[in-house]
Amino acid sequence: MKTTLSVIKADIGGYVGHSSMHPALIEIAETALSEAKNSGMIIDFSVLHCGDDLELIMTHTKGVENQEIHKLAWDTFIKGTEKAKELKLYGAGQDLLSDAFSGNVKGMGPGVAEIEFEERRSDPVIVFMADKTSPGAWNLPLYKMFGDPFNTAGLVIDPHMHDGFIFEVLDIYENTVVDFSIPEELYDMLVFIGAMEHYLIKSVRRKSDNEVAAVSSTQKLNFLAGKYVGKDDPVLIVRAQSGFPAMGEVIEPFTFPHIVAGWMRGSHHGPLMPVSFEDANPSRFDGPPRVIAAGFQIANGKLVGPRDIFKDPSFDRARDTANEMADFFRAHGPFEPHRLPLEEMEYTTLPEVKKKLEGRFKKI
Ligand code: 13P
Ligand code: 13P
Ligand code: MG
Ligand code: MG
């Protein structure tokens with residue numbers, strides 16, 4: 001029996017502003033998913049939030065991109081949106097771009113990461129969820145987990161992963177994907193994935209047997225909608241141990257709170273701060289960007305967990321560094337590199353200001 005893990009998320013309304021989730025929405029999602037569990041549609045579920053993003057983590061045996069499962073998520077978001085509208089939560093239904101469900105939530109707004117696998121004797125999985133950033137935020141940590149021997153000792157000393165991994169990289173402008181075989185093509189790949197608002201690591205597979213190790217959500221909401229309606233706060237599923245990086249190797253990259261895009265109005269850079277579930281409420285200048293990690297042991301489809309992985313004093317220094325970096329970036333105010341380059345900002349007054357100043361720019 002193969003198990004499918006589906007993580008489907010959406011921002012259906014923030015409390016207060018874009019900072020967090022109202023408990024009523026969590027309750028609605030839990031009720032909807034318990035009904036689905038009781039009816040046998042899903043095996044198990046866990047509902048979490050990272051900031052204002054509602055995260056539905058579900059297991060079942062229906063495979064990836066299953067219409068029934070996607071409809072369950074969609075209907076749950078719709079129910080939550082009704083409540084969000086009643087409470088006048090901020091941006092109710094923000095990520096639901098279409099009024100009618102047409103079979104698959106991909107391309108409709110919600111973020112999706114799904115993975116189907118034959119369970120091993122023990123299958124530890126980490127689900128990462130981030131707010132106030134974009135799917136490009138996973139490039140650096142995924143590169144470190146699966147490509148950097150200074151992070152992942154197993155690449156050097158575990159015979160099961162010594163051959164390396166295949167990284168599937170998506171060009172979000174061209175809508176094309178390319179596979180890189182790592183380590184041989186490491187330098188080629190870095191040319192692309194260093195540009196993390198253009199090229200996104202979509203999945204990682206073990207080279208020796210093509211077994212899937214990681215899958216990210218790669219929806220870019222702002223592209224989907226043609227105009228800005230909310231960012232694409234991403235999720236990522238990573239399998240650990242026994243021929244994959246150990247759990248400690250999977251989470252190690254987050255000790256470095258690297259700079260990501262998406263803070264305040266989707267238009268600023270800032271550090272990605274790893275936090276516990278209870279601290280996933282980005283408030284200062286609507287940030288700084290947050291990431292949580294939910295660890296599960298998957299047992300015949302049951303989600304044994306979640307364990308709150310970043311609730312650990314060994315991440316305190318990363319949080320301190322992130323706060324220091326946040327001060328440093330904030331001091332730049334409206335200047336780059338805190339503010340995103342003109343073409344990447346999600347809010348801009350540029351066309352209007354340009355129009356107002358028409359004729360005042362003189363050729364020299
Ligand atoms: P496995 O190869 O059994 O996953 O062990 C690696 C490990 O956990 C060492 O930290
Ligand atoms: P969200 O994408 O998390 O809703 O944040 C929007 C924003 O612009 C916050 O400043
Ligand atoms: Mg929001
Ligand atoms: Mg959000």
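Note that ligands are numbered from 1 as they come in the structure, with each ligand's atoms numbered from 1 the same way.
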Walk me through whether L33 and I42 qualify under side-chain contact (heavy atoms from CB on, under 4.5 Å). CA-CA 8 Å; L33 298 192; I42 56 175; 4.3 Å; yes
Considering only N, O or S atoms of [X], the one closest to the Mg ion (ligand 4):
| X | answer |
| --- | --- |
| D52 | OD1 |
| D53 | OD2 |
| D233 | OD2 |
| D131 | OD1 |

Please state which protein non-hydrogen atom is closest to [atom] and give its distance, to 0.1 Å?
| atom | result |
| --- | --- |
| atom 8 (O) of ligand 1 | Q241 NE2, 2.7 Å |
| atom 2 (O) of ligand 1 | S242 N, 3.8 Å |
| atom 9 (C) of ligand 1 | A246 CB, 4.4 Å |

For N/O/S atoms only: which one belongs to H18 and is nearest the Mg ion (ligand 3)?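 Among the N, O or S atoms of H18, the one closest to the Mg ion (ligand 3) is ND1.
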Shortest-distance N, O or S atom of D11 relative to the Mg ion (ligand 3):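 This residue's closest N, O or S atom turns out to be OD2.
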Distance-only polar pair, side chains of [X] and [Y], donor-acceptor under 3.5 Å:
| X | Y | result |
| --- | --- | --- |
| T59 | K302 | no |
| H18 | D52 | yes |
| R330 | H338 | yes |

Do H160 and F244 have ring centroids that are under 6.0 Å from one another? no
Would you check if the distance from the ring center of F180 to the ring center of F167 is below 6.0 Å? no
Sole candidate of K9, K132, R290 that passes salt bridge (Lys or Arg N to Asp or Glu O under 4.0 Å) when paired with D53: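 So, applying the salt bridge (Lys or Arg N to Asp or Glu O under 4.0 Å) to D53 and each of K9, K132, R290, only K9 qualifies.
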